[in-house]
Amino acid sequence: MSVLQILSAGPGVTVQDLGRPGHIASGLSRGGAADRLALAEGAALLRQAPDLAALEMAGFGGSFTATSPLRIALTGAPMAAAIDGAPIAWHASHLLPEGATLTIGGARAGVYGYLTLGGGIDTAPVLGARAVHLAAGLGSVLAAGQSLPLGPDSGGPVGEVLSVQDRFQGGTARILASLQTDLFDAETLARFTRTCFCRDARANRQGVRLLPEGEGFGLSSGQSILSEIITKGDIQIPGDGAPYILLPEAQTTGGYPRIGTVIPADLPMLAQLPAGAAVRFAFVTLDQALEIEAKDRASRQSLAARCRPRLRAPEDIADLLSYQLISGMITGTEDL
């Protein structure tokens, strides 16, 4: 069994998968990867199932080594990465030789980087998932000296890259009307879609606070409503008028009014919003949202087909001898 050894780790490195659906009634939100698209991209580069657990690195990675040759993929927020000091590409798959050291630095854009491993992380599942859920006390961040068991790798290509749309600098998020949208007057809703917001420094896997370029938002008759079910993507408006977008580890009930809900296709961009980056919102209809989601689902299903070999000069390939470059020989005297 192959093992990934943690030589060092940033303060926000955790094991993540697609989370735990079906526990909201018990007060447990789904959790899972903040950027589920990055998880799917890593799985596509390694040609494996997208529900396998990987490492999520919030802001900074660490250094890692493996007890046997290991296929890896790097996706999500671009970070400086190297194998034994030789720089390697992001949004790409690589072979990590046995005993070699993989180092991953700070995020150059975005927030969450992902290290996907051939065979996936094979820790014991809890409530049907391996994802660490910090808010619920399920698991913890990784630290130097820990080791992670890996599942069997069915094999596949390495040295491939995947072109991805830049979702690490902000942009426009599309939203649906929520249960309290009608409680906001028409001018407030119009101003909300005209406003440019800046991501506050206060953010984690529970949610992201946004600062408006002007006065805040609120209801004309009080801010409190009866506490009811909430979900990731909901945009709450607390008493200070600064919107708060819920992310995977959000609480399951809340009493702040929700001006709208970000559609799932745009949640990766909101999760990857770096401090100080700008974001705007645009309302869409339910039919439009369903069409967007169908296209997003089709795009994820085509990820593996869009991976392509990365051409490199032989002198730049530190693990050149690990590749099978010749499958046979001839003497030169055969009849051709």
Side-chain angles (χ1 to χ4, degrees), residues 1-7 9-10 12-21 30-58 61-77 79 81 83 88 90-98 100-102 104 112-134 138-143 146-162 164 205 248-249 268 271 300-301 303-305 307:
M1 178 181 68
S2 185
V3 172
L4 182 75
Q5 298 174 333
I6 315 299
L7 304 178
V13 179
T14 58
V15 174
Q16 295 297 337
D17 55 20
L18 296 180
R20 300 173 176 82
R30 177 167 182 156
D35 182 352
R36 297 178 71 185
L37 177 54
L39 211 61
E41 291 166 346
L45 280 162
L46 296 183
R47 308 296 197 275
Q48 61 187 24
D51 59 349
L52 296 180
L55 286 189
E56 178 179 275
M57 303 169 288
S63 56
F64 315 89
T65 189
T67 58
S68 60
L70 180 64
R71 296 190 310 134
I72 65 171
L74 301 169
T75 58
M79 298 174 166
I83 294 178
I88 57 174
W90 204 260
H91 302 303
S93 61
H94 307 274
L95 180 67
L96 178 64
E98 177 181 351
T101 299
L102 168 68
I104 301 176
Y112 297 99
Y114 293 81
L115 169 59
T116 303
L117 309 155
I121 297 171
D122 197 25
T123 52
V126 177
L127 296 176
R130 295 178 172 87
V132 169
H133 195 305
L134 297 174
L138 299 177
S140 61
V141 296
L142 294 173
Q146 289 183 261
S147 296
L148 297 173
L150 304 178
D153 184 2
S154 58
V158 290
E160 291 195 332
V161 295
L162 178 63
V164 302
R205 287 178 45 81
E249 290 187 12
R300 291 181 188 227
Q301 292 172 346
L303 283 171
C307 297

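When reading the values below, keep in mind they use all heavy atoms of this one structure, side chains included, and skip hydrogens, waters and symmetry mates.
Counting all heavy atoms, side chain and backbone alike, H91 lies closest to T75 at ND1-CA, 4.1 Å. The two atoms that bring L46 and G118 nearest to each other are CD1-N, 3.6 Å, heavy atoms only. Among all heavy-atom pairs drawn from Y114 and A38, the shortest one is CD1-CB, 3.4 Å. When all heavy atoms of G61 and V13 are compared, the closest pair comes out as O-CG2, 3.5 Å. When all heavy atoms are compared, the tightest approach of A34 to P248 is CA-CG, 3.9 Å. Between I83 and A100 the shortest heavy-atom distance is CG2-CB, 4.0 Å.
For residues 116-130, every residue pair satisfying the side chain to side chain donor-acceptor pair (under 3.5 Å) rule, not counting sequence neighbours, is listed here: D122-R130.
Rounded to the nearest 0.5 Å, atoms CZ (F64) and CG (L70) are 11.5 Å apart. Expressed to the nearest 0.5 Å, how far CG of L148 lies from CD1 of I6 amounts to 4.5 Å. Rounding to the nearest 0.5 Å gives a distance of 9.0 Å between CG of L102 and CG of L117. The structure places OG1 of T14 at 8.0 Å from CG of L55, a figure rounded to the nearest 0.5 Å. The CG atom of D51 sits 10.5 Å away from atom CZ of R36, with the distance rounded to the nearest 0.5 Å. Rounding to the nearest 0.5 Å gives a distance of 11.0 Å between CG of L45 and CD1 of I72.
A distance-only check finds a donor-acceptor pair linking the side chain of T67 to the backbone of V3 [under 3.5 Å]. Remark: side-chain polar atoms of Q16 are paired, donor with acceptor, to backbone N or O of V132 under 3.5 angstrom. The backbone N or O of A129 lies less than 3.5 Å from a partner atom in the side chain of R20, making a donor-acceptor pair. In this structure, the side chain of Q48 engages the main chain of G119 through a donor-acceptor pair within 3.5 Å.
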Taking only distance into account, with no hydrogens and no angle test, what donor-acceptor pairs under 3.5 Å do side-chain atoms of residues 150-160 form with protein atoms, sequence neighbours excluded?
from	atom 1	to	atom 2	distance (Å)
D153	OD1	R71	NH2	2.9
D153	OD1	G155	N	2.9
D153	OD2	R71	NE	2.9
E160	OE1	R47	NH1	2.9
E160	OE1	R47	NH2	2.9
E160	OE2	R47	NH2	3.3

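With sequence neighbours left out, the salt bridge (Lys or Arg N to Asp or Glu O under 4.0 Å) criterion links R205 to E56, E249. With sequence neighbours left out, T101 forms a side-chain hydrogen bond (donor to acceptor under 3.5 Å, both in side chains) with no residue at all. Considering only residues two or more places apart in sequence or on other chains, D35 meets the salt bridge (Lys or Arg N to Asp or Glu O under 4.0 Å) condition with R167. Residues passing the side-chain contact (heavy atoms from CB on, under 4.5 Å) test with S140: none are found, sequence neighbours excluded.
Contact of the M79 side chain with the L74 side chain is not registered, since no non-hydrogen atoms from C-beta on lie closer than 4.5 Å.
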Verify side-chain contact (heavy atoms from CB on, under 4.5 Å) between H133 and V126, making sure each step is shown before the conclusion. CA-CA 10 Å; H133 195 305; V126 177; over 6 Å; no
- Check against side-chain contact (heavy atoms from CB on, under 4.5 Å), T65 and L7: CA-CA 7 Å; T65 189; L7 304 178; 4.1 Å; yes
